[in-house]
Novice: 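Supplied in structure tokens, the structure appears directly below.
Note on naming: letters A, B, ... go to the chains in the order of the sequence lines (proteins, then strands), and numbering restarts at 1 for each one.
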Amino acid sequence: MDKTNDIIETRRKKLAELKNNNINLFPNDFIVSHTVRDLRDAIEESQHSIKEDAVFIVAGRMMAINRFGKACFIRFRDRTGQFQAYIRKDKIGDQAYDIFKKLDIGDFVGLRGGIFKTRTGEWTLVADELKLITKAIRPLPEKFHGLKDPEKRYRRRYLDLIMNSNVREIFIKRSRIIQAVRTFFLDRDFLEVETPMMQPIPGGAEATPFKTHHNALGMDLFLRIAPELYLKRLVVGGFERIFEINRNFRNEGISTKHNPEFTMLEFYQAYATHDDLMDLTEEMFGYMAREVTGSTKITYQNNIIDLGGRWNRMPLTYALETIGGIDPGLLKDKEKLLEFASSKSIKITKTKYLGKVISKLFDVLVEPKLIQPTFITGYPVEISPLSRKNEKDSELTDRFELFIAGHEIANGFSEINDPEDQKNRFLQQVADREAGDEEAHFMDEDYIEALEYGMPPAAGEGIGIDRVAMLLTDAASIREVILFPHMKPKVSN
RNA sequence: GGGCCGUUAACUCAGCUGGUAGAGUAUCUGCCUUUUAAGCAGAGAGUCGCGCGUUCGAGCCGCGCACGGCCCA
């Protein structure tokens with residue numbers, strides 16, 4: 001027999017041999033009656049005295065094979081877990097055993113048999129039938145160290161999921177988080193909706209959009225940077241409580257906290273204020289944390305964070321004074337603040353707005369220090385073009401942002417429902433854009449028109465689901481909670 | 001955009017002061033009917049990310065590029 005150097009070549013030869021013996025390598029007629037979980041349940045129900053003559057039919061991927069000549073132990077895995085099986089030549093027959101000898105780790109097999117306990121005390125399925133279900137041509141990564149290289153893990157996430165159980169856990173938790181959000185809102189009479197991902201005018205946030213083109217309509221469209229303006233049209237339409245969980249797209253840099261597409265929860269509640277939403281947010285996080293981790297106390301990057309109960313609420317300027325260490329006398333004076341910033345070597349792009357300077361200083365001096373959940377309130381009107389002005393101080397808005405573990409997690413506010421006010425805010429944004437601010441909002445006349453029909457007072461909030469998933473799974477990078485994070489294509493050779 | 005680090009067998013990693021490639025797992029062959037990262041004996045396996053340069057000689061030194069990671073902007 002000719003000796004080949006290559007593992008894949010060796011496997012292809014095995015495949016050819018199996019094929020020549022009329023073995024179907026990819027059959028689709030194996031009927032599974034039980035999962036690994038069913039096996040464990042059956043053992044439990046029999047109070048660990050299960051009889052070997054009970055028959056189970058299971059299927060899964062072989063993760064390990066210990067060969068002993070005329071018998072083998074294998075480990076196989078399905079969606080519910082991993083189990084051991086014992087394959088004996090005298091049980092499955094000479095012919096089936098010859099086929100089995102040609103199988104590899106990574107192949108899918110179907111097994112039929114009863115359950116017994118080995119000498120070492122492990123419950124094991126002893127097969128009286130074994131069938132190849134799917135042949136693997138490529139070998140899996142090494143069983144003990146698994147797949148570690150981050151680049152390989154992200155590019156071939158399926159291998160990451162096969163080899164790394166902690167990675168599987170993260171994405172199961174992520175799914176549970178989204179399920180918990182749905183349950184939370186549905187229980188409170190919210191309606192789940194879907195609004196356009198492709199928008200003629202990208203609105204609802206300050207961000208650079210991705211541009212695309214609709215051929216039949218002959219028009220440019222933008223992938224949404226936020227669903228906000230459409231959701232509020234629905235509030236005009238009478239849906240008083242709505243939420244949407246979907247992707248936003250922002251044409252910005254990639255980092256441990258940013259992916260170009262990310263999942264956003266946005267919700268709107270009529271007759272509520274931003275204060276109500278802070279209460280609601282506390283409740284929701286408590287609920288999510290309990291559902292997903294079993295506790296409201298979580299550990300994130302070695303910090304113990306308590307998501308239960310009522311959280312700290314702090315005006316922006318107060319946070320800058322007490323946490324950022326800025327003299328209160330500076331906070332009303334843009335020039336002095338800029339001097340202060342440069343003395344701390346904080347670079348701030350040129351702006352005519354005090355609010356932008358304050359916001360930047362906050363990002364650098366305060367945000368990383370907000371480890372326990374904290375609502376920051378009292379955002380300046382010039383950086384909050386969709387937020388309702390405060391009744392007592394027209395320089396400020398009824399808006400908050402939520403910070404946990406030094407990350408911005410949520411942004412919420414009482415909504416502007418005065419069309420005139422909103423139009424003037426847009427006009428200011430348009431002027432800013434003309435003056436060079438590429439992230440300033442566009443005028444959206446259609447949205448103003450909707451407001452002119454009357455939107456009830458309402459408050460709305462957006463929560464970054466990826467960031468929440470990072471928190472609840474103790475992930476340091478957003479790529480660890482996104483199944484297929486964006487990567488540049490790797491050019492081979 | 002800048003800085004630091006990484007890229008060696010299918011996987012995880014060694015590789016000294018520049019002297020021509022190593023281990024474990026996996027694979028292949030043989031033995032083995034209760035193993036637990038099974039064991040024993042043997043074997044094969046490499047575009048050292050890519051390119052250029054320095055050198056008698058480069059996985060190692062220099063320059064450039066690609067991809068990735070972390071940090072900063």
Side-chain angles (χ1 to χ4, degrees), chain A residues 1-15 17 52 62-77 82-94 97 100-107 113-128 130 136-160 162-165 252-259 301 341-342 344-349 360-361 363-364 367-368 406 475-480 485-493:
Chain A
M1 217 166 93
D2 112 78
K3 280 184 184 169
T4 169
N5 314 337
D6 185 58
I7 292 178
I8 294 173
E9 268 317 300
T10 311
R11 290 235 181 152
R12 286 192 194 282
K13 289 216 164 83
K14 279 190 189 175
L15 260 71
E17 283 174 43
E52 201 177 315
M62 286 199 288
M63 298 304 297
I65 306 176
N66 285 358
R67 296 187 191 274
F68 284 88
K70 295 186 185 66
C72 298
F73 285 96
I74 65 167
R75 287 176 182 280
F76 68 97
R77 182 197 288 163
Q82 193 158 285
F83 207 79
Q84 178 168 266
Y86 188 41
I87 318 295
R88 296 167 56 132
K89 190 174 185 177
D90 59 5
K91 275 261 186 186
I92 66 168
D94 292 1
Y97 201 79
F100 173 68
K101 280 202 282 192
K102 294 230 182 326
L103 302 189
D104 298 289
I105 292 169
D107 293 352
I115 297 175
F116 77 108
K117 202 181 215 174
T118 63
R119 261 198 321 230
T120 52
E122 179 162 350
W123 288 106
T124 299
L125 183 133
V126 58
D128 51 50
L130 178 140
I137 295 166
R138 290 176 185 265
L140 292 178
E142 190 230 338
K143 62 185 168 187
F144 191 59
H145 296 93
L147 187 67
K148 285 193 169 170
D149 182 339
E151 185 172 353
K152 286 171 184 152
R153 289 181 45 232
Y154 299 151
R155 286 188 195 280
R156 290 183 287 181
R157 181 70 93 180
Y158 45 91
L159 289 182
D160 193 23
I162 292 168
M163 300 311 298
N164 298 319
S165 60
E252 293 162 357
I254 293 177
S255 78
T256 47
K257 292 185 198 174
H258 298 90
N259 196 58
Q301 306 294 298
S342 76
K344 299 262 178 186
S345 54
I346 299 167
K347 281 185 205 154
I348 297 182
T349 47
K360 177 68 192 177
L361 287 170
D363 289 352
V364 176
E367 180 173 323
S477 166
I478 197 169
R479 291 180 204 97
E480 295 296 340
H486 281 283
M487 309 276 277
K488 283 193 178 183
K490 190 152 193 172
V491 184
S492 51
N493 301 334

Novice: Salt bridge check, A:R153 against A:E480: does any charged N sit closer than 4.0 Å to a carboxylate O?
Specialist: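 Judged by the 4.0 Å cut-off on N to carboxylate O distance, A:E480 and A:R153 do form a salt bridge.
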Novice: Say you pick atom P in B:rG22 and the same atom in B:rA45; how far apart are they, in whole Å?
Specialist: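 So the two P atoms sit 12 Å from each other.
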Novice: Using a heavy-atom cut-off of 4.0 Å across all strands, would you classify A:G146 as base, sugar-phosphate, or nothing?
Specialist: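 Here A:G146 touches the backbone only, sparing every base.
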Novice: Could you give the distance separating B:rU12 and B:rU7 at their C1' atoms, to the nearest angstrom?
Specialist: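 Nearest-Å result for B:rU7 against B:rU12 at atom C1': 14 Å.
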Novice: Between B:rU33, B:rA37, B:rG68, which one does the side chain of A:P150 approach most closely?
Specialist: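 That would be B:rG68.
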Novice: Given atom CG of A:N66 and atom P of B:rA26, what is their separation to the nearest angstrom?
Specialist: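 These atoms are roughly 9 Å apart.
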Novice: Go ahead and name the base partner of B:rU47; Watson-Crick or wobble counts if both distances stay under 3.5 Å, otherwise write none.
Specialist: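 Base-paired to nothing in any strand shown.
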Novice: Remember a base hit wins even if backbone is also touched, and classify A:Y86 as base, sugar-phosphate or nothing at under 4.0 Å, heavy atoms.
Specialist: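 The residue A:Y86 makes base contact.
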Novice: Touch check for A:R153, heavy atoms < 4.0 angstrom, all strands: base, sugar-phosphate only, or nothing?
Specialist: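 Contact class for A:R153: none.
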Novice: Tell me which nucleotide among B:rC13, B:rU27, B:rA38 gets nearest to the side chain of A:I7.
Specialist: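 Closest nucleotide among those given: B:rU27.
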Novice: From the options B:rU25, B:rC70, B:rU33, select the nucleotide whose nearest atom is closest to the side chain of A:T256.
Specialist: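 When the side chain of A:T256 is considered, B:rC70 is the closest of B:rU25, B:rC70, B:rU33.
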Novice: Rounded to whole angstroms, how far apart are CD on A:E151 and P on B:rU7?
Specialist: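 Taking atom P of B:rU7 as the reference, CD of A:E151 is at 12 Å.
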Novice: Between A:R77 and A:I162, is there a donor-acceptor pair closer than 3.5 Å when you use the side chain of the first and the backbone of the second?
Specialist: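 Yes; judged by distance alone, with no hydrogens or angles, the pair exists.
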Novice: In whole angstrom, what separates A:I254's CD1 from B:rG1's C1'?
Specialist: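 Distance, rounded to whole Å: 14 Å.
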Novice: CD1 of A:I87 versus P of B:rC32: gap in Å, rounded?
Specialist: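 Rounded to whole Å, this separation is 19 Å.
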Novice: If B:rG1 has a Watson-Crick or G-U wobble mate with both distances under 3.5 Å, name it; if not, just say none.
Specialist: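 Checking every strand shown, B:rG1 finds its partner in B:rC72, with both distances under 3.5 Å.
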Novice: Can you tell me the distance, in whole Å, between the CG atom of A:L15 and the P atom of B:rC28?
Specialist: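 Those two atoms, CG and P, are 13 Å apart.
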Novice: Closer than 4.0 Å, any side-chain N/O of A:R119 to the OP1 or OP2 of B:rU35?
Specialist: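 Yes, within the criterion.
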Novice: Tell me the interatomic distance from A:F116, atom CZ, to B:rU35, atom C1', rounded to whole angstroms.
Specialist: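 Answer to the nearest Å: 10 Å.
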Novice: Under 3.5 Å for both donor-acceptor distances, Watson-Crick or wobble: does B:rA66 have a partner, and if so which one?
Specialist: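 Result: B:rU7.
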Novice: Between A:D160 and A:L147, is there a donor-acceptor pair closer than 3.5 Å when you use the side chain of the first and the backbone of the second?
Specialist: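 Judged by distance alone, no pair lies under 3.5 Å.
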Novice: When the P atoms of B:rU20 and B:rC28 are considered, how many whole Å apart are they?
Specialist: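 Result for the P pair: 32 Å, nearest Å.
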Novice: So if I take every side-chain heavy atom of A:T10 and compare against B:rA37, B:rU33, B:rC28, which nucleotide ends up nearest?
Specialist: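 Looking only at side-chain atoms, A:T10 lies closest to B:rC28.
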Novice: Pick the P atom in B:rG69 and in B:rU8, then give their distance to the nearest Å.
Specialist: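 Taking atom P in both B:rG69 and B:rU8, they lie 15 Å apart.
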Novice: Roughly how many Å apart are B:rC60 and B:rG18, using the P atom of each and rounding to a whole number?
Specialist: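 Approximately 11 Å lies between the P atom of B:rG18 and that of B:rC60.
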Novice: Counting only Watson-Crick or G-U wobble pairs whose two distances fall under 3.5 Å, which nucleotide matches B:rA41?
Specialist: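 Here B:rA41 is engaged in a pair, and the nucleotide opposite it is B:rU29.
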Novice: So, under a plain 3.5 Å distance rule, would you say the side chain of A:T118 forms a donor-acceptor pair with the base of B:rU35?
Specialist: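 Side chain to base: pair found, below 3.5 Å.
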Novice: Watson-Crick or G-U wobble partner for B:rU34, using a 3.5 Å limit on both distances?
Specialist: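 For B:rU34, the partner nucleotide comes out as none, under the 3.5 Å rule.
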Novice: Where the side chain of A:L147 is defined as all heavy atoms beyond and including C-beta, which of B:rU35, B:rU12, B:rU25 is the nearest nucleotide?
Specialist: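 For A:L147, the side-chain atoms sit closest to B:rU12.
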Novice: Please answer whether the main-chain N or O of A:I137 pairs with a side-chain N or O of A:R12 as donor and acceptor at a distance below 3.5 Å.
Specialist: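 Not confirmed, A:R12 side chain does not pair with A:I137 backbone.
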Novice: Does NZ or CZ of A:R88 lie under 6.0 Å from the centre of the six-membered ring of A:F68, at an angle within 45° of the ring axis?
Specialist: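 The answer is no; the distance or angle limit is not met.
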Novice: Return the value, rounded to whole Å, for the distance between atom CD1 of A:I478 and atom P of B:rC70.
Specialist: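 Result: 12 Å.
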Novice: Is a side-chain N or O of A:D107 found less than 3.5 angstrom from the main chain of A:A136, in a donor-acceptor match?
Specialist: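 Between the backbone of A:A136 and the side chain of A:D107 there is a qualifying donor-acceptor contact (under 3.5 Å).
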Novice: Checking A:Y97 side chain against A:A71 main chain: does a donor-acceptor pair fall under 3.5 Å?
Specialist: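 Such a contact is found between A:Y97 side chain and A:A71 backbone.
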Novice: Under a 3.5 Å limit for both distances, which nucleotide forms a Watson-Crick or G-U wobble pair with B:rC61, could you say?
Specialist: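 In the structure as shown, B:rC61 has B:rG53 as its Watson-Crick or wobble partner.
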Novice: With sugar-phosphate meaning primed atoms plus P, OP1 and OP2, does A:M163 contact a base, only sugar-phosphate, or nothing at under 4.0 Å between heavy atoms?
Specialist: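 Since no nucleic acid heavy atom lies under 4.0 Å of A:M163, the category is nothing.
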Novice: Distance between the C1' atoms of B:rA58 and B:rC63, in whole angstroms?
Specialist: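 Per the computed distance, 15 Å lies between those C1' atoms.
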Novice: How far, in whole Å, is B:rG15 from B:rC70 if one measures between their C1' atoms?
Specialist: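 My reading of the C1' atoms in B:rC70 and B:rG15 gives 25 Å.
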Novice: Paired with B:rC13: which nucleotide, if any, by Watson-Crick or G-U wobble criteria at under 3.5 Å for both distances?
Specialist: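 Paired with B:rC13, as far as the under-3.5 Å criterion goes, is B:rG22.
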Novice: Rounded to whole angstrom units, what separation is found between the NZ atom of A:K13 and the C1' atom of B:rG44?
Specialist: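 The distance from NZ of A:K13 to C1' of B:rG44 comes to 13 Å, rounded to the nearest Å.
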Novice: Of the nucleotides B:rU12, B:rU27, B:rG68, which has the atom closest to the A:H145 side chain?
Specialist: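 It is B:rU12.
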Novice: For A:F73 and B:rU35, is the gap between ring centres under 5.5 Å while the planes differ by less than 30°?
Specialist: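 Here the ring of A:F73 and the base of B:rU35 are stacked, with centres under 5.5 Å and planes under 30°.
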Novice: Would you classify A:K70 as touching base, sugar-phosphate or nothing, given that sugar-phosphate means primed atoms plus P, OP1 and OP2, and contacts are heavy atoms under 4.0 Å?
Specialist: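 Base contact - A:K70 has a heavy atom under 4.0 Å of at least one base atom.
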Novice: Contact class for A:R155 (heavy atom, under 4.0 Å): base, sugar-phosphate, or nothing?
Specialist: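 Contact class for A:R155: sugar-phosphate only.
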Novice: Check every strand shown and say whether A:K14 touches a base, only sugar-phosphate, or nothing at a heavy-atom separation below 4.0 Å.
Specialist: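 Sugar-phosphate, backbone atoms only, no base.
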Novice: Students often get this wrong, so: under 4.0 angstrom with heavy atoms, is A:D149 touching a base, only sugar-phosphate, or nothing?
Specialist: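 Sugar-phosphate, no base atom in range.
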Novice: Does the base of B:rU34 carry an N or O that pairs as donor and acceptor with the side chain of A:E122 under 3.5 Å?
Specialist: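 Absent.
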Novice: Check every strand shown and say whether A:K152 touches a base, only sugar-phosphate, or nothing at a heavy-atom separation below 4.0 Å.
Specialist: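 Sugar-phosphate only.
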